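First up is the structure itself, then whatever we jot down about it.
Values below: every heavy atom of this structure, side chains too, minus hydrogens, waters and symmetry copies. Computed from a predicted model, the values in this text were never measured in an experiment.
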Amino acid sequence: MEHKKYKIGLALSGGGAKGIAHIGVIKALEDYGLKIDVIAGVSAGAIVGALYADGHSTDEIKEFFRNNTSFQMVRPTLPKRGGLINLEKYTNKLDKSLRAETFEDLKIPLIINATELNSGKNVYFSSGSLLDKIIASASIPIFFTPKIIDGKQYVDGGIFCNLPAQILRNDCEILIGVHVNPTEPINEVDGVLEVAERIFHLAVNGNTQEQKKMCDIVIETSKVKKIGLFNADKADTICKIGYLYAMKALEKFDFSKYGIEVNKPTKK
């Protein structure tokens, strides 16, 4: 087997409050005795990935989402600013939680992708200042004001790549992809914000198909599909769903082929 730069890579999708499921997935990986060597994340996946790469425990990350991912943490802004909501207050909270100021300060290598509006391209960040890149990746169009970096406008990276797997594929022996944003037919969409959220979900879900094919393990948390973008008050439930889906996927994978010994948790 070809030796690659990293043993295990983790790609985390966007999904708003659904991204809390990533925390449960990481907890399952820890319980299996698996060490994550590199992370790529977008939007909510970028926030979870950054906090974990920064050395925060899964309980600490869950608490951060429970307290801070809601409309209570954002401020309405004028439409001419490019979004309905300003993330200044949320940005300050995340800044206080992060120990690292740059990607280089993180304990685990991290890659974040965002959409550059001016050129209409997907952009990957892996060096330099950290906080502004996370906010750029998580700035959902229409909802949030675009983030300005070096004079360019950035929004949610999920527009072009809602599961950043390809960027890790060649460097990882085992690539685990976590998709928390599945969609299904629904009977009715009511209200401007619901319509905007539905359109966004449909747009970003399509670009994950090819990315999932690049993963050795795909964890898709289907039961969180009815969770809204801002329903972080259900953090415990979402986290548990992520954990259970991850455990099922990990049980089916033969890590011994890669020379990895795992500690399968005893079923309760």
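- When the side chains of ILVMFWY residues are joined at heavy-atom separations under 4.5 Å, either directly or via intervening members, Val123 and Ile47 end up in a single hydrophobic cluster.
- Distance check, rounded to the nearest 0.5 Å: OG of Ser129 to CD1 of Ile149 gives 6.5 Å.
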### Message
Quick one, Glu210 with Lys213, criterion salt bridge (Lys or Arg N to Asp or Glu O under 4.0 Å). Give me CA distance, side-chain angles, the key distance, then yes/no.
### Response
CA-CA 5 Å; Glu210 289 303 312; Lys213 293 176 182 178; 3.0 Å; yes

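- Remark: Lys212 NZ is packed, more than 12 non-hydrogen atoms of other residues, nucleotides or ligands lying under 6.0 Å away.
- Under the 3.5 Å distance criterion, the side-chain polar atoms of His56 are matched with a main-chain donor or acceptor of Ser97.
- For the pair Lys7 (side chain) and Ile36 (backbone), a donor-acceptor distance under 3.5 Å is absent.
- Of all heavy-atom pairs spanning Ala44 and Gly16, the tightest one is CB-O, 3.3 Å.
- Taking 4.5 Å as the limit, some side-chain heavy atom of Leu29 sits within range of a side-chain heavy atom of Leu250.
- Cluster membership check: Leu10 shares its hydrophobic cluster with Ile241, using side-chain heavy-atom separations under 4.5 Å among Ile, Leu, Val, Met, Phe, Trp and Tyr.
- Donor-acceptor pairing under 3.5 Å is lacking for the side chains of Tyr90 and Asn92.
- Of all heavy-atom pairs spanning Pro164 and Val42, the tightest one is CD-CG1, 3.8 Å.
- Residues Ile8 and Ile260 have side chains in contact (heavy-atom distance under 4.5 Å, counting atoms from C-beta outward).
- In the model, Glu88 has no side-chain atom that pairs as donor or acceptor with a side-chain atom of Thr91 under 3.5 Å.
- Between Leu110 and Gly49, the closest heavy-atom pair is CD1-C, 4.1 Å.
- Side chain to side chain, Tyr243 and Asp31 meet the donor-acceptor criterion of an N or O pair below 3.5 Å.
- Heavy-atom neighbours of Glu261 CD from other residues, nucleotides or ligands within 6.0 Å: at or below the threshold of 12.
- Using a 4.5 Å heavy-atom cutoff, the side chains of Tyr32 and Phe253 are not in contact.
- For the pairing with Ile23, the side chain to side chain contact (heavy atoms under 4.5 Å, CB included) check across Glu60, Lys240, Lys62 returns one residue only, Lys62.
- Residues Val262 and Leu34 form a side-chain contact, since some pair of their non-hydrogen atoms from C-beta on lies under 4.5 Å apart.
- Formation of a donor-acceptor pair under 3.5 Å by the Asn118 side chain with backbone atoms of Gln153 is found in this model.
- No donor-acceptor distance shorter than 3.5 angstrom exists from the side chain of Glu220 to the backbone of Val178, with no hydrogens or angles considered.
- Listed for the Glu116 side chain is no donor-acceptor partner under 3.5 Å among the backbone atoms of Lys152.
- Taken to the nearest 0.5 Å, the NZ atom of Lys96 stands 5.5 Å off from the NZ atom of Lys93.
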### Task
Report the C-alpha distance between Leu94 and Leu51 in whole Å, list the side-chain angles of each, state the deciding distance to 0.1 Å, and finish with yes or no for side chain to side chain contact (heavy atoms under 4.5 Å, CB included).
CA-CA 9 Å; Leu94 183 58; Leu51 288 170; 4.1 Å; yes

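- No continuous path of hydrophobic side-chain contacts links Val38 to Leu163 [ILVMFWY only; heavy atoms under 4.5 Å].
- By the criterion of side-chain heavy atoms lying less than 4.5 angstrom apart, applied directly or through intervening Ile, Leu, Val, Met, Phe, Trp or Tyr residues, Leu98 is not grouped with Ile111; the two fall into different hydrophobic clusters.
- In summary, the side chains of Asn207 and Asn162 do not present any donor paired with an acceptor at a separation below 3.5 Å, with no hydrogens or angles considered.
- Judged by a 6.0 Å distance limit and a 45° cone about the ring axis, Lys133 is positioned over the six-membered ring of Phe125.
- With Asn113 contributing its side chain and Cys161 its backbone, the two residues share a donor-acceptor pair below 3.5 Å.
- A donor-acceptor pair under 3.5 Å is formed between the side chain of Asp105 and the backbone N or O of Thr102.
- Heavy atoms from other residues, nucleotides or ligands lying under 6.0 Å from CD of Glu101 number 12 at most.
- When every heavy atom of Ala11 is checked against every heavy atom of Leu168, the shortest pair comes out as N-CD1, 4.3 Å.
- Residues Tyr6 and Pro109 meet the side-chain proximity criterion, which asks for heavy atoms closer than 4.5 Å.
- Thr221 places no side-chain N or O within donor-acceptor distance of the main-chain N or O of Ala21, the cut-off being under 3.5 Å.
- A heavy-atom distance below 4.5 Å is not found between the side chains of Ile108 and Asp37.
- Scanning both residues, Gly14 and Val180, for their nearest heavy atoms gives O-CG2, 3.4 Å.
- Side chain of Asp54 to main chain of Leu106: no donor-acceptor pair is present (N/O by atom type, distance under 3.5 Å, no hydrogens or angles).
- Put simply, CE on Met247 and NZ on Lys27 are 10.5 Å apart, with the number rounded to the nearest 0.5 Å.
- Closest heavy-atom contact between Phe160 and Gly120: CZ-O, 3.2 Å.
- Using a cut-off of 4.0 Å between Lys/Arg side-chain N and Asp/Glu carboxylate O, Arg169 and Asp216 are scored as salt-bridged.
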### Task
Go through the steps for Tyr154 and Leu117 under the test side chain to side chain contact (heavy atoms under 4.5 Å, CB included), then give the verdict.
CA-CA 6 Å; Tyr154 291 88; Leu117 280 179; over 6 Å; no

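- For the atom pair NZ (Lys4) and CD (Glu173), the distance works out to 7.5 Å, reported to the nearest 0.5 Å.
- Between the CG atom of Asp132 and the CG atom of Leu130 there is a distance of 8.0 Å, given to the nearest 0.5 Å.
- Both Tyr245 and Ile238 belong to a single network of hydrophobic side chains, linked directly or stepwise wherever heavy atoms of I, L, V, M, F, W or Y lie under 4.5 Å apart.
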### Task
Check step by step if side chain to side chain contact (heavy atoms under 4.5 Å, CB included) holds for Ser127 and Glu104.
CA-CA 6 Å; Ser127 63; Glu104 290 80 4; 3.1 Å; yes

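- Tyr52 and Glu30 form a side-chain donor-acceptor contact under 3.5 Å, judged by distance and modelled atom types alone.
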### Task
Step by step, work out the side chain to side chain contact (heavy atoms under 4.5 Å, CB included) result for Phe103 and Ile112.
CA-CA 10 Å; Phe103 283 84; Ile112 289 173; 4.0 Å; yes

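- Residue Ile176 holds its CD1 atom at 10.5 Å from CD1 of Ile39, rounded to the nearest 0.5 Å.
- Looking at Asp236 and Ile20, their side chains never come closer than 4.5 Å, going by heavy atoms from C-beta outward.
- No side-chain heavy atom of Val155 sits under 4.5 Å from any side-chain heavy atom of Ile140.
- For the residue pair Ser139 and Asp156, no side-chain donor N or O sits within less than 3.5 Å of a side-chain acceptor on the partner.
- Between the side chains of Ser256 and Asp254, a donor-acceptor pair is found at a separation under 3.5 Å.
- Ion pair Glu63/Arg66 flagged as a salt bridge, since at least one NZ, NE, NH1 or NH2 atom sits closer than 4.0 Å to an Asp/Glu carboxylate oxygen.
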